[in-house]
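So you know, we letter chains A, B, ... as the sequences are listed, proteins then strands, and number each from 1. Every value quoted in this text rests on a predicted model; they were computed, and no experiment measured them.
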Amino acid sequence: MEPTVEVQQRLSPLLRQLGPALYELDPSFREDMRVPARIVADEELLQQMSQDHSILQLVNVTTLPGIQGFAIGMPDMHEGYGFPVGGVAGTLLPHGVISPGGIGFDINCGVRLLSTGLLHEEVEALLPALAHDLARSIPTGFGRHGRLSLDSEQLERVLAEGVPYVVDVLGLGTREDLPHIEAGGYLPGADASKVSVRARERGHDQLGTLGGGNHFIELQRVERIYDPDAAAAFALFERQLTILIHTGSRGLGHQVCTDAVREMDRALAREGIRLVDRQLACAPFSSPEGQDYYAAMCAAANFAWSNRQVLTQRVREVFSRRLGSRPESWPRIVYDVAHNIAKVETYGGKRLCVHRKGATRAFGPGNKELPTAYQRVGQPVFIPGSMGTASFVLAGRSESQSLSLSSACHGAGRRLSRAAAKRQVVGAELRKALNAQGIIVECPSNAELAEEAPTAYKDVDRVVDTVETAGIARKVARLVPLAVLKG
DNA sequence: ATGTGC
């Protein structure tokens, strides 16, 4: 990217404070801005964002054809491909653009929280065995394939039908799981024929695999409840054992994104779209390229939800083997949220294509898509911290609708690039430090461990407090790690 | 993030 970090550092004083933890850059800042850029942050987080190109990337997002209202950055925002990670933008349908860079390479990367009826102290002695069994049962790391190898018809149906197919036909899970997954684990806009042969080849044996990078499965203890009413609705209580799954659409989603960026790049001239950054490749939602990408993105999203569903079953198998088949040891889905996805949603009577890249949908109370038990308290939002730090459960507030297109943050957010983290952190020492904290680490690679060091991330407590201060969501529970499984 | 890159 052309502009320097210094440009961005000069830019942050131009941000005007609109409200608690909310800042705005007026569109007069640059003549190509169609709408303002807003950022949910405090002074410290703004300062951290100024260290990379993310604020400039957010300004670039405001130039996209059809963008409505404002582009908004979450407190965990950092630099990404074209769009910042932690960026949200809605474009007016039917002709506003859809941009693969606004969704991310890992389509429907997301987080699923499982609850148990077990207390931490009841299972403490068994944690090493549980972690070890999970590591044996679940392939982790770059390029690993799973135990399932789908034939072309099965893969096609996973892409077209998502989790309902995985439950009903493959027999992995129960019907009760479905309402506890965003969109029921299935976007009907999917068209498997729009997923390239290459993408399908990459995905056919990756269902039920965790992947690398920041993907993980964590066994956790509910350390603190902030909102007893919402916690009760989500079936969470103090000292409870929970399981958090963070993964996405693996090589399949990555290839869908790669394919679409190339196709859209070719169509830009025909559509008369001039971009400030080629990584913002996009096409009108109504165009052939826009429609093809949306159909393929929905299919990749269905694949990702299905992946988290298969992993859930692996967890359930390990738990029933080690803990018996009593109901307390059957992990139930609290909810499953996507944080790299575009959704068609209506705001102020307008149908928008809402891009959430490193941002979590955070519907407030009363939304019809939520399961009945959550209608009164709002949508569960999960914020995984970095390795060895806390994760949070939030509940979406109605105010999120006008503040942030019903969106919240998605994690702690990177502070250091992977390369910088690797230079600064010695993986073996980090492993020792985590073990000294009493955290079981199942991760074969010290290099992967170093890239995900807590020092490479922002302070998750601060990020979550900022989302709460802004009025987007409220804190429900704080979860702390007991064992982590990663690539 | 990713069968790691123009």
Side-chain angles (χ1 to χ4, degrees), chain A residues 1 52 54 57 76-87 99-112 139-146 148-150 155 195-217 245-262 265-266 278-279 281 296-297 300-301 303-305 307-308 311 337-342 355-360 384 386-387 410-422 443-445 447-453 456-457 486-487:
Chain A
M1 165 174 272
D52 64 24
S54 54
Q57 289 186 319
D76 53 339
M77 185 167 79
H78 61 93
E79 190 172 323
Y81 179 90
F83 262 64
V85 176
S99 174
I103 286 131
F105 275 85
D106 189 2
I107 294 167
N108 191 4
C109 185
V111 192
R112 176 180 290 208
T140 63
F142 187 70
R144 294 290 302 277
H145 56 82
L148 274 173
S149 183
L150 303 180
L155 179 61
V195 175
S196 69
V197 171
R198 197 170 176 197
R200 283 190 255 184
E201 274 171 4
R202 287 179 69 170
H204 81 278
D205 59 356
Q206 288 190 321
L207 207 62
T209 66
L210 191 61
N214 63 358
H215 290 165
F216 64 82
I217 295 180
I245 301 172
H246 179 202
T247 187
S249 52
R250 311 286 288 103
L252 184 141
H254 193 276
Q255 191 64 45
V256 166
C257 181
T258 304
D259 294 340
V261 166
R262 197 186 54 231
D265 196 63
R266 285 182 186 150
R278 207 169 173 186
Q279 293 186 351
M297 184 217 72
F303 184 83
W305 275 312
N307 190 29
R308 294 196 283 277
L311 293 178
V337 290
H339 57 222
N340 277 6
I341 202 163
H355 298 68
R356 294 191 181 92
K357 181 191 196 175
T360 313
S386 54
M387 200 169 31
H410 86 307
R414 271 200 175 274
R415 208 170 56 78
L416 299 178
S417 69
R418 289 175 198 283
K422 232 180 329 204
C443 173
S445 158
E448 289 264 353
L449 218 53
E451 287 185 4
E452 296 304 316
Y457 283 84
K486 60 181 268 62

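Counting to the nearest Å, the C1' atom of B:dT2 and the CD atom of A:E448 are 11 Å from each other. We find that CD1 of A:I103 is positioned 17 Å from P of B:dT2, with the value rounded to whole Å. Between A:H254 atom NE2 and B:dT4 atom P the separation is 9 Å, expressed in whole Å. Computed from coordinates, the A:R250 CZ to B:dT2 C1' distance equals 8 Å when rounded to whole Å. Atom CG of A:D259 is separated from atom P of B:dT2 by 16 Å (rounded to the nearest Å). Rounding to whole angstrom units, CG of residue A:N307 and C1' of B:dT2 are separated by 14 Å. Going from atom CG of A:N108 over to atom P of B:dT2 covers 13 Å, rounded to whole Å. Look at NZ on A:K486: it is 14 Å from C1' on B:dT2, rounded to the nearest Å.
Test A:K357, A:R356, A:H246 against A:H339 for side chain to side chain contact (heavy atoms under 4.5 Å, CB included) and you get one pass: A:H246.
Nearest heavy-atom pair across A:G253 and A:A300 is CA-CB, 4.1 Å. Residues A:R308 and A:G110 come closest through the heavy atom pair NH1-N, 3.1 Å.
To the nearest 0.5 angstrom, A:F83 atom CZ is 5.0 Å from A:H355 atom NE2.
Using a 4.0 Å heavy-atom distance criterion, A:Q206 is classed as a sugar-phosphate-only contact. In this structure, A:G253 reaches neither bases nor backbone, as no heavy-atom distance under 4.0 Å exists between it and the strands shown. Counting any heavy atom pair closer than 4.0 Å across all strands shown, A:G251 reaches sugar-phosphate atoms only and no base atom. When heavy atoms are screened at a 4.0 angstrom cut-off, A:H145 is found touching no nucleic acid atom at all. Counting non-hydrogen atoms under 4.0 angstrom, A:G213 reaches the backbone sugars and phosphates but no base. If you check every strand for non-hydrogen atoms under 4.0 Å, A:R144 touches nothing.
Look at A:E452 and A:R414 and you find a salt bridge, because one of the NZ, NE, NH1 or NH2 atoms lies within 4.0 Å of a carboxylate O, short of that distance.
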